[in-house]
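Below: the structure, in structure tokens.
The figures here come from the full heavy-atom set of this structure, side chains too, leaving out hydrogens, waters and symmetry mates.
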Amino acid sequence: MAALVLCVAVITVMIVRDWRDEQDSVLIQDLLWLEQSIRVSLDSEREWATNLADTLADVEQPATHLKAATGLFLREHPGVVEITLLSPERVRAAVPGVGPGDAVWRVQRLRHAVYGQPYIGADGRYRFDLVVPQAGKGGALRLSYQLDRLLQSQVPWWMASRYHLSVVDVGGRVLASKFTQAEPADTFSHQLSFDPPGFGLSLRAVAYRQGMGVAMPVLLAVIALLTLGLGGAFWRIRRHTGERLRAERALSAEVSLRQAMEDGMKNGLLVCDLAGVVVYVNRAFCQMVGQDAAALVGQATPYPFVEAGGVLDWAAISADALPEHGLELTLRAQSGAQVEVRVYITPLGDGQGGQRGWIASMYDITELKRQRLAVAASRARFLAVLNGLETGVCVTADALDAVLYENPAFGRLWPAHAPLPGLPPAEGEEGVPFDHGPDGSGRVVELRHNRIEWSDGERAWLTLLLDVSEARQREERERTLEQRFQDTTRLVAMGEMASSLAHELGQPLTAITTYAGGLKRRLGRVESLPDGVLPALQGLSEQAQRAAQIVASIRAFVKKHSPQVEPVDPLPLMQRALSLVQPLADKHGVPLRLVQRGRACRLQADPVLIEQVVLNLVKNAIEAQVDAGVTRPRVDVRSEAGAESWRVEVVDNGPGLSDSARANLFTPFYSSKADGMGIGLNICRSIVEFHRGEFGVTRTLSGGCVFWFTLPLDAEGVPA
């Protein structure tokens with residue numbers, strides 16, 4: 001029924017659409033005819049104006065001839081409202097723009113007949129001009145057209161009775177129309193370009209009515225009546241078939257319920273007769289063996305879907321000798337996969353007290369067995385890991401009266417039956433350190449206790465025993481080395497500061513001495529001076545000279561203590577420096593990487609000072625990344641021996657240096673850190689330059705910093 005209604009609707013729409021297309025086609029043809037008619041009329045009038053302009057150029061009294069020649073023309077062409085002969089002066093004085101002078105200005109430039117833009121005349125109606133130049137004279141002949149009169153003269157009565165005709169501009173504004181009434185709405189319309197005169201003008205036609213006549217509505221009414229008749233017939237047929245469908249649905253409901261129950265079961269069902277022939281299987285069983293029910297029904301023992309070695313013994317089943325909890329059986333799917341199932345078998349009655357077969361219910365235990373084996377394997381692996389740990393692990397009962405588990409490492413590190421101190425731990429306490437082990441061996445151990453839930457659900461205590469002897473020794477060595485290098489850093493910093501202060505104070509002291517001497521000479525020419533002025537100036541000069549001598553002596557003292565240069569291998573030097581800064585990197589989680597490239601080499605350098613340079617640069621890189629909150633900080637220390645020098649680069653992925661920081665990087669006492677002294681990089685550069693090397697900084701592509709320095713190689717080259 002719905003398809004029939006849809007077909008009728010489609011036919012109706014197609015009929016209406018064909019009718020509208022026909023109306024549009026007629027409208028377009030009529031408008032094309034009108035546009036062609038107006039174009040022919042304008043072309044003939046332009047040709048007449050051209051001949052008249054040439055004639056007026058050759059007569060002695062053009063005004064009299066013009067009046068005689070235009071009288072009949074204006075009566076026969078009512079669209080032309082005015083014909084004017086323009087002198088050469090008026091032609092030359094014309095300017096561009098909307099108005100009567102636009103076409104005159106254009107003909108002056110183009111020197112052939114042109115149309116001007118539409119404009120509003122003195123009577124308030126739109127006009128446009130046709131201007132034809134006079135050959136050899138410089139004047140022109142202008143024909144002024146009025147748009148509404150042009151339409152009235154060119155549009156025939158039969159077209160005016162069908163359409164509302166008008167001339168519109170580019171924006172759709174009506175400039176003139178055949179009649180003054182408004183355009184009809186919601187009807188057919190079409191417009192064509194009105195050229196000439198052009199300038200965006202268009203002819204638009206709007207149909208007055210769009211009625212379909214009598215035949216079209218009658219045809220549509222007949223189609224509607226036929227549709228209603230067919231709908232009534234379909235309704236009666238549906239009424240009769242509805243009763244039959246309800247009966248069929250009630251009949252199939254019981255079958256569907258039983259089928260749904262069987263298909264919804266996860267257990268497979270296998271029904272056999274007394275001879276063991278399969279008479280029914282459900283969907284779950286078909287999924288287990290990967291076969292269709294049609295292929296399974298009718299199979300007899302031995303069943304091909306039972307794995308070799310597994311037999312359904314119907315004799316034992318008949319003797320009722322099956323296990324109470326069922327039996328395990330391995331099925332073989334059609335794909336070759338094995339399915340482990342547990343089978344429960346029940347006799348199938350015939351409804352009259354007898355037996356007509358067996359029902360075997362089975363469920364898949366493949367995953368359960370796999371999980372059971374996986375748990376056993378996982379427990380074995382877990383015990384292997386615990387037994388292989390160097391850290392001692394012990395589990396004690398909550399009442400501290402029994403040891404539930406301990407691994408071999410715990411037995412080696414802690415004597416048997418020795419009490420565990422710190423158990424139970426106080427609130428907030430994580431571990432109990434011991435300066436000496438319980439066996440008096442001098443080991444330093446640490447116990448950590450934590451409450452856990454044991455395998456039986458009871459609460460217990462987990463104790464971890466760690467041997468921290470080597471860690472304590474390493475921390476002590478690192479503290480000693482760190483203190484030694486801090487002392488060295490302070491001494492070098494003091495020397496640099498002393499040298500810098502001596503350099504900075506030398507100039508003002510010299511200026512004081514100079515000013516005092518000059519003032520003394522000028523005051524020496526004064527006859528009367530207060531008592532004590534000259535001695536005071538003399539004392540001022542002497543004290544300034546003394547201060548300059550003290551500063552010079554300090555500077556000389558600093559210069560006397562030159563570094564101790566010796567042949568060194570740079571690789572151990574780099575490793576020692578990084579081992580000193582490694583605790584700081586570990587504290588802040590910054591990975592350090594030493595990359596050694598090129599060949600082995602030897603330097604003439606002070607190893608302590610060079611280690612101080614590397615240590616200072618790596619420390620600055622770590623602190624800069626930590627202060628900036630870099631997500632993944634990293635410091636790479638690269639060293640490479642070239643042909644004549646050994647180059648070291650300290651690369652980080654921090655925020656980099658700003659322009660102001662880069663400009664003041666080596667300014668004394670300038671630091672970007674809140675607690676920095678601003679002399680570390682100056683010291684590093686001084687040390688490198690003392691060793692006849694170079695020191696600098698660049699940027700990485702990702703925005704980080706690369707501090708680098710080079711040192712010349714020993715003259716002996718590569719060590720033997």
| side-chain contact (heavy atoms from CB on, under 4.5 Å) between Leu465 and Cys394, intermediate numbers included | CA-CA 8 Å; Leu465 190 148; Cys394 177; over 6 Å; no

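Interatomic distance, CD of Glu694 versus CZ of Arg647, reported as 9.0 Å (0.5 Å rounding). The distance from the CD1 atom of Ile452 to the CG atom of Leu462 is 4.5 Å, given to the nearest 0.5 Å. Note that CG of Leu592 is 6.0 Å distant from CG of Leu578, once rounded to the nearest 0.5 Å. Note: Asn387 CG to Glu406 CD = 10.5 Å, rounded to the nearest 0.5 Å. Cys684 contributes atom SG, which lies 7.5 Å from atom CG of Asn620 (distance to the nearest 0.5 angstrom). In this structure, the separation between OG1 on Thr700 and CD on Glu649 is 11.0 Å, given to the nearest 0.5 Å.
The shortest side-chain heavy-atom distance between Leu383 and Tyr405 falls under the 4.5 Å cut-off. At least one side-chain heavy atom of Phe695 sits under 4.5 Å from a side-chain heavy atom of Leu617. Side-chain contact between Leu713 and Leu603 is present, with heavy atoms from C-beta onward closer than 4.5 Å. In this structure, the side chains of Asp169 and Pro118 stay at 4.5 Å or more apart for every pair of heavy atoms.
Between Arg638 and Glu640 there is no salt bridge, since none of the side-chain N atoms of the basic residue sits less than 4.0 Å from a carboxylate O of the acidic one.
For the pair Arg451 and Trp461, the cation-pi test (distance below 6.0 Å, angle within 45°) is passed.
Ala460 approaches Val395 most closely through the heavy-atom pair CB-CG1, 3.9 Å. Across all their heavy atoms, Pro567 and Arg602 have their closest contact at CB-CD, 4.0 Å. Across all non-hydrogen atoms, the minimal contact from Gly589 to Pro633 is O-CG, 4.0 Å. For Glu478 against Pro583, the heavy-atom pair with the smallest separation is OE1-CG, 3.1 Å. When all heavy atoms are compared, the tightest approach of His691 to Pro712 is O-CD, 3.2 Å. Scanning all heavy atoms of the two residues, the minimum distance from Ala605 to Val568 falls at O-CG1, 3.9 Å.
Asp652 places a side-chain N or O within 3.5 Å of a backbone atom of Cys705 that can act as its donor or acceptor partner. Between the side chain of Asn407 and the backbone N or O of Val393 there is at least one donor-acceptor pair closer than 3.5 Å. For the pair Arg372 (side chain) and Glu367 (backbone), a donor-acceptor distance under 3.5 Å is absent. A donor-acceptor pair under 3.5 Å links the side-chain atoms of Asn653 to the main chain of Arg632, judged by distance alone. Judged by distance alone, the side chain of Ser378 and the main-chain N or O of Val375 form no donor-acceptor pair under 3.5 Å. The main-chain N or O of Glu340 is found under 3.5 Å from a side-chain atom of Thr366 such that the two form a donor-acceptor pair.
A perpendicular orientation is assigned to the rings of Trp646 and Phe709, their planes being inclined by more than 60° (bins at 30° and 60°).
Heavy-atom neighbours of Gln596 CD from other residues, nucleotides or ligands within 6.0 Å: above the threshold of 12. Within a 6.0 Å radius of CD in Glu644, no more than 12 heavy atoms belonging to other residues, nucleotides or ligands are found.
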